[in-house]
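Report on the structure given below.
Per chain, numbering begins at 1; letters A, B, ... match sequence-line order.
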Amino acid sequence: MNLFTHFKAVLLTILDDLVTKGQLPENIDFTPIVVEPPRDRSHGDITTNAAMVLAKPARRNPREIAAIIAARLEADNDIGSVEIAGPGFINMRLQSGFWMKVLYSVMQKGEDFGKSSIGQGQKVNVEYVSANPTGPLHVGHCRGAVVGDALANLLADAGFDVVREYYINDAGAQIDVLARSAFLRYRQAMGEDIGTIGEGLYPGSYLIPVGKALADEYGARLKEMPEDEWLPLVREKSMAMMMDMIRDDLAALNIHHEVFFSEKSLHEGGGIEESVAALEEMGLVYEGRLPPPKGQLPDDWEDREQTLFRSTDFGDDVDRALKKSDGSYTYFAADVAYTKDKIDRGFDQLIYILGADHGGYVKRLKALAKAFSGGDAELTVLLCQLVNLMRGGKPVKMSKRAGDFVTLRDVVDEVGPDVVRFMMLYRKSEAPLDFDFDKVTEQSRDNPVFYVQYAHARISSVFKKAAIELKSPENYKNVSIDDLAVLTDSAEMKLIQKMAEYPRIIESAAQAHEPHRVAFYLYELAADFHSLWNKGKETPNLRFIINDSVDITYARLALLHSIRYILASGLRILGVRPVEEM
RNA sequence: GGCCUCGUAGCUCAGCUGGAUAGAGCAACGGACUUCUAAUCCGUAGGUCGCAGGUUCGAAUCCUGCCGAGGUCGCCA
């Protein structure tokens, strides 16, 4: 239950009634009305701008309207007091009994407490990673991988029907380069001295096992074939092995896609012709010339007529080429087919997680979604900015020597998947991110991963102690709403109120496509918990286990258990494991 | 030159889709360990929200123009 939507419903009922009673004019637009937590908690538990929004259409003073609404709100059993403040804010304080109902609801629903149905089962496709299958994932892929995965989890919790998808670029010239590079490794495996690896081939040692596998499978036969015979065989084998490696890399970060979509299947299955024909039917394809780019002109620029898609009809800067000078389809043409395929599969929302270097690609993708869905499908792109690898405050030097890059696996192996995931999510994705190997493994408040994990571990330690000291340590699970009334300390109330915000965080983060909000929320929840913990040091009767009062002990264990549920739920969305001890 | 992203405390960043006196952490300073782990907590101090206009009851948030940082710019993928 999102308490803000709950009280918004209460408010709207009142407003409707005021309209029928003639105290407000008819046909007023209520959509700008929000019910939310006040910026400053001292103003109350919830606040609404209703009076200020209604003032103009009702042609009355906002504070006057506020007074009318406030009088009605006060009649609600869950609302303790109502105040009108500033230009016309209506601030409400809730009865403490209401907070206990919320806490009880967390106890009952457990990790489902934050789940929402605002997604209404809308079909969402989240495409992320989609790295070329020509080598292991490198550190640059980390962020998009984690952001995409967490966003998918978040959307699923918010009631969307989510498909996680990986687009395999298995059709371009880079795949032939991969195959030739693997062929070299094959010759090496057959005992040949291959010398230094030539310019334009992949020198990485990860291809050595591919060469061996080829040698095992084909023996000397490949060497005796002309290139046009061995190339397809080597291509298939090396690509399959690269994809296996990529899947392993992703699994190390606990990432699993449901769909791996092959670009090649669009070329071979006629998807491209079909989709281009569909655009033609809509009158969106023509033969024409593009103006040369404004910046530095490419060396090999030649002015020529080509097949173009009218993406400018949908807000793009220039029309986009569908065919290369040799007559074959462009990469973009495959995207035409791919977008159409997604729309045809019935997705209401297409989300792409791309690196910042793909910024120039966004408008043409949006143009495609508009063209194929008639504007019904929403296409959004999250551009993840660069991750700067640091060590001890200094940038990690990455050698320009080809093949010598930091892999995703290097990073995960060094600091663990939980740290990688949390840190990649502890920043909004449009902002660049420093990832310092030393800082992220530091155990201090400066390290949010540790800080949140530590809260979870501390809660676990209380339950361990309770299991030893209490006769019936599980009895806290049977507390009633009334039993919870012994929780009256301000730090306890603050925690309950913080927990009550969780469903709203999930909903707003999902709608804004901002998983980092969950990470920040968890940090705040952990801070409130650590604060209560330390309060118990100074004030022993605020500790969780109180020897001479089982009632208080059970109520507090119920509180702790609820916090643990929410920490676990939020961490699950982020893909970080909660820990029992540090 | 066009387009995209960013600019908030000394540093690293939040700011909940336009709300009230702009918030955290680090660094600085002052406090709290016979304890359910002090790996934490409490307090003090720190601001022209890049600059200038505009929109309105109200702007860090929306619009326009500058300044600065990064990215990107037919047929590569």
Side-chain angles (χ1 to χ4, degrees), chain A residues 32 34 36-40 42-43 47 49 52 55-56 62 85-89 91 132 134 169 171-175 263 289-298 300-304 306 308 316-332 334 355-363 381 383 385-386 426-428 430-434 439 442-448 450-451 454-455 457-459 461-466 469 501 504-505 507-509 511-512 514 516-517 520-521 523-524 527 530-538 540 543-545 560 581-582:
Chain A
V34 293
E36 58 187 356
R39 289 276 158 117
D40 185 341
S42 68
H43 289 131
T47 186
N49 61 350
M52 291 178 287
K56 206 171 196 181
F89 289 101
N91 297 329
N132 286 346
T134 54
N169 298 133
Q174 82 282 2
I175 297 300
E263 179 193 353
R289 286 169 196 280
L290 284 179
K294 285 273 165 64
Q296 68 206 75
L297 212 58
D300 56 348
W301 171 263
E302 76 178 286
D303 189 28
R304 67 174 188 89
Q306 49 190 342
L308 298 167
D316 200 357
D317 306 316
V318 290
D319 291 335
R320 302 294 170 179
L322 294 166
K323 284 184 180 172
K324 302 184 205 171
S325 50
D326 65 3
S328 64
Y329 286 109
T330 59
Y331 180 79
F332 178 67
D357 54 340
H358 287 72
Y361 218 74
V362 176
K363 285 186 181 177
V381 178
L383 286 181
Q385 293 293 322
L386 218 65
Y426 200 63
R427 184 119 321 166
K428 61 181 174 210
E430 313 88 72
L433 164 68
D434 290 343
K439 270 202 173 156
E442 195 174 278
Q443 301 197 328
S444 74
R445 181 163 191 171
D446 199 19
N447 179 354
F450 161 77
Y451 189 73
Y454 186 39
R458 272 184 156 173
I459 291 172
S461 83
V462 176
F463 280 98
K464 275 179 211 152
K465 188 175 171 178
E469 297 198 356
E501 283 177 28
R504 184 171 179 273
I505 296 288
E507 289 180 359
S508 62
Q511 280 175 322
E514 291 186 348
H516 76 275
R517 290 192 201 176
F520 279 93
Y521 169 81
Y523 184 84
E524 289 166 16
H530 286 306
S531 182
L532 174 63
W533 176 287
N534 278 274
K535 212 168 170 183
K537 285 177 196 300
E538 287 156 25
R543 289 179 193 169
F544 302 112
I545 298 171
L560 285 188
E581 53 189 34
M582 306 293 289

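Across the P atoms, B/C4 and B/C66 are found 14 Å apart, a figure rounded to whole Å. B/G2 and B/U8 are spaced 29 Å apart, taking the C1' atom of each and rounding to whole Å. Separation of the P atoms belonging to B/C3 and B/G19 is 28 Å when rounded to the nearest angstrom. Using C1' as the reference atom, B/U61 and B/G50 are 15 Å apart when rounded to the nearest Å. For B/G54 and B/A60, the P atoms lie 15 Å apart once the distance is rounded to whole Å. Across B/A14 and B/G7, the matching C1' atoms stand 15 Å from one another, rounded to whole Å.
The backbone N or O of A/Tyr454 sits nowhere less than 3.5 Å from a side-chain atom of A/His530 that would complete a donor-acceptor pair.
For A/Lys324 and B/C75, the shortest distance from a side-chain N or O to OP1 or OP2 is not below 4.0 Å. Taking only side-chain nitrogens and oxygens, A/Tyr454 never comes nearer than 4.0 Å to OP1 or OP2 of B/C36. Listed pair A/His516 / B/G15 meets the phosphate criterion, a side-chain N or O lying under 4.0 Å from OP1 or OP2. A/Lys537 has no side-chain polar atom (N or O) that falls below the 4.0 Å cut-off from OP1 or OP2 of B/U40. Applying the 4.0 Å criterion to OP1 and OP2 of B/G19, one finds that A/Arg39 has a side-chain N or O inside that range. Under 4.0 angstrom from either OP1 or OP2 of B/U37 there lies no side-chain N or O belonging to A/Trp533. Neither OP1 nor OP2 of B/U37 sits under 4.0 Å from any side-chain N or O of A/Arg458.
Checked by distance alone, A/Asn91 brings a side-chain donor or acceptor within 3.5 Å of a matching partner on the base of B/A20. For A/Ser508 against B/C16, a side-chain-to-base donor-acceptor contact under 3.5 Å is absent. If you check distances only, the side chain of A/Thr330 never reaches the base of B/A77 with a donor-acceptor pair under 3.5 Å.
Nucleotide B/U21 is matched to nothing when pairs are restricted to Watson-Crick or G-U wobble geometry with both distances under 3.5 angstrom. Both distances falling under 3.5 Å, in either a Watson-Crick or a G-U wobble arrangement, occur for no nucleotide opposite B/C16.
Here A/Arg504 lies in heavy-atom contact (under 4.0 Å) with a base.
An anti base is found at B/U72: its glycosidic angle is more than 90° from 0.
With centres under 5.5 Å and a plane angle under 30° as the test, the ring of A/Tyr523 is not stacked against the base of B/A24.
Residues A/Arg445 and A/Asp303 each lie close to RNA chain B; by heavy-atom proximity, the contact nearer the 5' end of the strand is made by A/Arg445.
Ring planes of A/Tyr361 and A/Phe332: perpendicular class, angle over 60° (limits at 30 and 60°).
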